Protein chains: 2
Amino acid sequence: MKKYLAIYHDLVDKTKNNYWGEAEMLPSENSLTLEYDVSRETIRKALDLLAQNGYIQKVRGKGSVILNVNKFDFPVSGIVSFKELATNLKMPTRTIVNELSLIEADEKLQYKLDVEPGETVWKVVRTREISGEKVILDKDYFNKSIVPVLTKKACEDSIYEYLENKLNLKISYARKEITVEEPTNEDRELLDLDGHSNIVIIKSVVYLDDTTLFQYTESRHRPDKFQFVDFARRTQN
Amino acid sequence: MKKYLAIYHDLVDKTKNNYWGEAEMLPSENSLTLEYDVSRETIRKALDLLAQNGYIQKVRGKGSVILNVNKFDFPVSGIVSFKELATNLKMPTRTIVNELSLIEADEKLQYKLDVEPGETVWKVVRTREISGEKVILDKDYFNKSIVPVLTKKACEDSIYEYLENKLNLKISYARKEITVEEPTNEDRELLDLDGHSNIVIIKSVVYLDDTTLFQYTESRHRPDKFQFVDFARRTQN
DNA sequence: TTGCACAACATGTATATACAAGTTATAATA
DNA sequence: TATTATAACTTGTATATACATGTTGTGCAA
């Protein structure tokens with residue numbers, strides 16, 4: 001339907017598959033205009049997305065340089081689910097659902113999920129196994145007024161897939177915070193800590209399209225298995 | 001000069017200073033068109049920047065919702081220099097230049113900075129003190145063919161200010177990687193580790209406007225003083 | 001041969017227009 | 001009264017045009 005998004009995805013695929021070989025240069029905007037039979041502005045919207053996401057660098061007067069994206073990065077950047085992440089990793093992964101329950105929001109959750117005292121929320125605790133080692137502990141909390149039903153099957157498979165495709169929720173943006181803390185007893189119990197005395201915690205607050213808060217997550221990683229990769233652009237002047 | 005950037009900065013200031021009070025809603029695009037006396041597309045470019053950087057969320061049919069930005073975050077996100085960061089912190093900070101020298105690139109640096117064997121690069125080692133404690137160790141390496149001269153004064157003040165304003169370099173984007181490792185002897189020597197057995201490392205490769213690589217940096221943080229805050233949007237469908 | 005001017009081409013900014021599509025309040029209708 | 005249509009808003013997509021500005025190679029002139 002949306003032309004600029006279709007073109008964006010097509011160009012992403014082509015850059016990933018080395019379609020332009022070692023040229024390291026995209027065709028000019030005018031060429032692409034002819035190729036896709038759209039206006040130049042539409043091409044520019046697609047190229048802006050490519051630049052935002054680190055696929056290309058636009059150089060004035062010259063053209064768009066293809067940046068060689070590291071394909072085997074561990075992309076915690078953006079909002080990526082473990083399922084999506086696991087497909088990028090070439091290692092065997094497994095998810096264990098430790099808990100799936102409805103609980104009353106305590107004070108911390110009331111604040112984090114912005115719900116009223118006594119309101120019930122979904123609590124999901126999952127252990128992530130990579131190459132046979134339990135190295136990630138995910139604790140998710142969902143606003144029940146937005147996610148009325150949640151099954152163990154969905155938790156084992158992919159909650160995001162369930163939310164987006166079955167419930168038609170439009171997950172839009174998140175605030176993330178990464179810190180390093182001491183492991184709790186729960187961490188020691190559910191993870192193969194292997195003597196490590198620290199744990200990396202990614203706390204995320206996730207919002208829908210219409211700015212409603214619906215999820216709070218703590219993703220707890222064993223430090224030696226943790227890696228965060230980011231592409232950042234300098235602030236506009 | 002550039003209208004959409006001027007409008008962007010004006011709107012950022014106004015949202016930060018609660019110009020619209022508790023309304024939590026930006027004026028409509030048409031209102032802003034009249035207010036700034038520009039076309040709607042120009043307004044939309046400014047608003048797209050605000051949305052990208054997490055200041056607003058655009059909701060179709062409704063308008064632009066102002067997201068309350070945490071003003072006291074520790075924003076390692078984006079490409080932010082310690083100088084810029086220190087002004088955000090309300091704590092007293094100090095920079096100690098431990099080393100400023102020209103060295104021959106070893107194998108690792110040849111790879112990271114993409115220089116020839118035997119080429120000389122700038123090496124800068126700086127300790128960052130926050131509230132009297134040495135908690136960050138920054139090791140910077142610059143391509144000498146791009147940065148011919150570097151002074152101790154510039155290192156104590158702000159290298160980025162020097163590079164951007166004096167050398168007119170256009171710093172554009174970076175790839176960052178965050179990991180947790182064991183401290184080295186150098187870390188123990190130059191930092192107040194305070195018994196911590198881990199260190200958080202942010203490795204950055206920084207590029208200019210025209211895609212030339214010019215800097216490799218390792219920013220080494222004491223784990224209890226480390227915090228990374230990020231705003232992320234879900235991938236476009 | 002060297003250097004300079006210029007044409008050709010690249011991206012960047014700004015505007016105007018048209019229509020699609022989602023939201024909301026109002027007014028007409030059952 | 002309750003429901004439904006509608007009008008008047010909102011943002012989203014797509015196009016066309018004009019000119020500014022940076023890059024590169026060609027060819028003329030010294």
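It should be emphasised that the depicted structure is a prediction, and the values quoted were computed from it without experimental measurement. Residue numbers start from 1 in every chain, and the chains themselves are labelled A, B, ... in the order their sequence lines are given, proteins ahead of strands.
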Winner on side-chain proximity to A:Arg40, out of D:dG12, C:dG12, D:dT15, is C:dG12
Result for 5'-nearest mapping on DNA chain D, choosing between B:Met1 and B:Ser64, is B:Ser64
To the nearest angstrom, the CD1-C1' distance between A:Ile56 and C:dG12 comes to 14 Å
B:Lys170 atom NZ is separated from C:dT11 atom P, nearest whole Å, by 17 Å
Requested in this report: Would you kindly say whether B:Asn53 and B:Tyr8 are connected by a side-chain donor-acceptor distance under 3.5 Å?
Outcome: yes
Exercise for the section: Measure from NZ or CZ of B:Arg233 to the centre of the six-membered ring of A:Tyr173, then state whether that distance is under 6.0 Å and the direction lies within 45° of the axis. Expected result: yes
B:Asn30 side chain N/O closer than 4.0 Å to the phosphate oxygens (OP1, OP2) of D:dT10?
yes
note: A:Asp210, atom CG; C:dT23, atom P; distance rounded to Å ~ 9 Å
Using only atom types and a distance under 3.5 Å, with no angle test, would you say the side chain of B:Arg40 pairs donor to acceptor with the backbone of B:Glu29? no
Side-chain contact check for A:Glu41: nearest option of D:dA16, C:dT11, C:dG22 is D:dA16
With the side chain defined as heavy atoms from C-beta on, A:Arg60 is closest, among C:dA16, C:dG12, D:dT15, to C:dG12
_If you compare every side-chain N and O of B:Thr42 against the phosphate oxygens of C:dT13 (OP1, OP2), does one of them come in below 4.0 Å?_
no
**Report entry** N-O pairing of A:Lys153 and A:Glu161 below 4.0 Å
**Finding:** no
A:Ser28 vs C:dA10: side-chain N/O to OP1/OP2 distance below 4.0 Å: yes
Taken to the nearest whole Å, CD1/A:Ile7 to P/D:dT13 is 13 Å
(message) Can you tell me how the ring of B:Phe214 sits relative to the ring of B:Tyr160, calling it parallel under 30°, perpendicular over 60° and tilted otherwise?
(response) tilted
Which of D:dT24, C:dA18, C:dG12 is nearest the side chain of A:Lys62? It is D:dT24
B:Lys2 NZ to C:dA14 C1', in whole Å, measures 13 Å
note: B:Lys45, atom NZ; C:dA14, atom C1'; distance rounded to Å ~ 7 Å
At less than 4.0 Å, is any side-chain N or O atom of B:Lys58 found next to OP1 or OP2 of D:dG12? Yes or no.
yes
Rounded to whole Å, the CD-C1' distance (B:Glu29 to C:dA16) equals 15 Å
| said: With a 4.0 Å cutoff (strictly under), does any side-chain N or O of A:Arg44 reach OP1 or OP2 of C:dG12? | reply: yes
* **Phosphate OP1/OP2 of C:dA14: any B:Tyr4 side-chain N/O under 4.0 Å** => no
Worksheet item: Is any side-chain nitrogen or oxygen of B:Lys3 closer than 4.0 Å to OP1 or OP2 of C:dA14?
Response: no
Here the distance between atom C1' of C:dA14 and atom CG of B:Asp37, to the nearest Å, is 12 Å
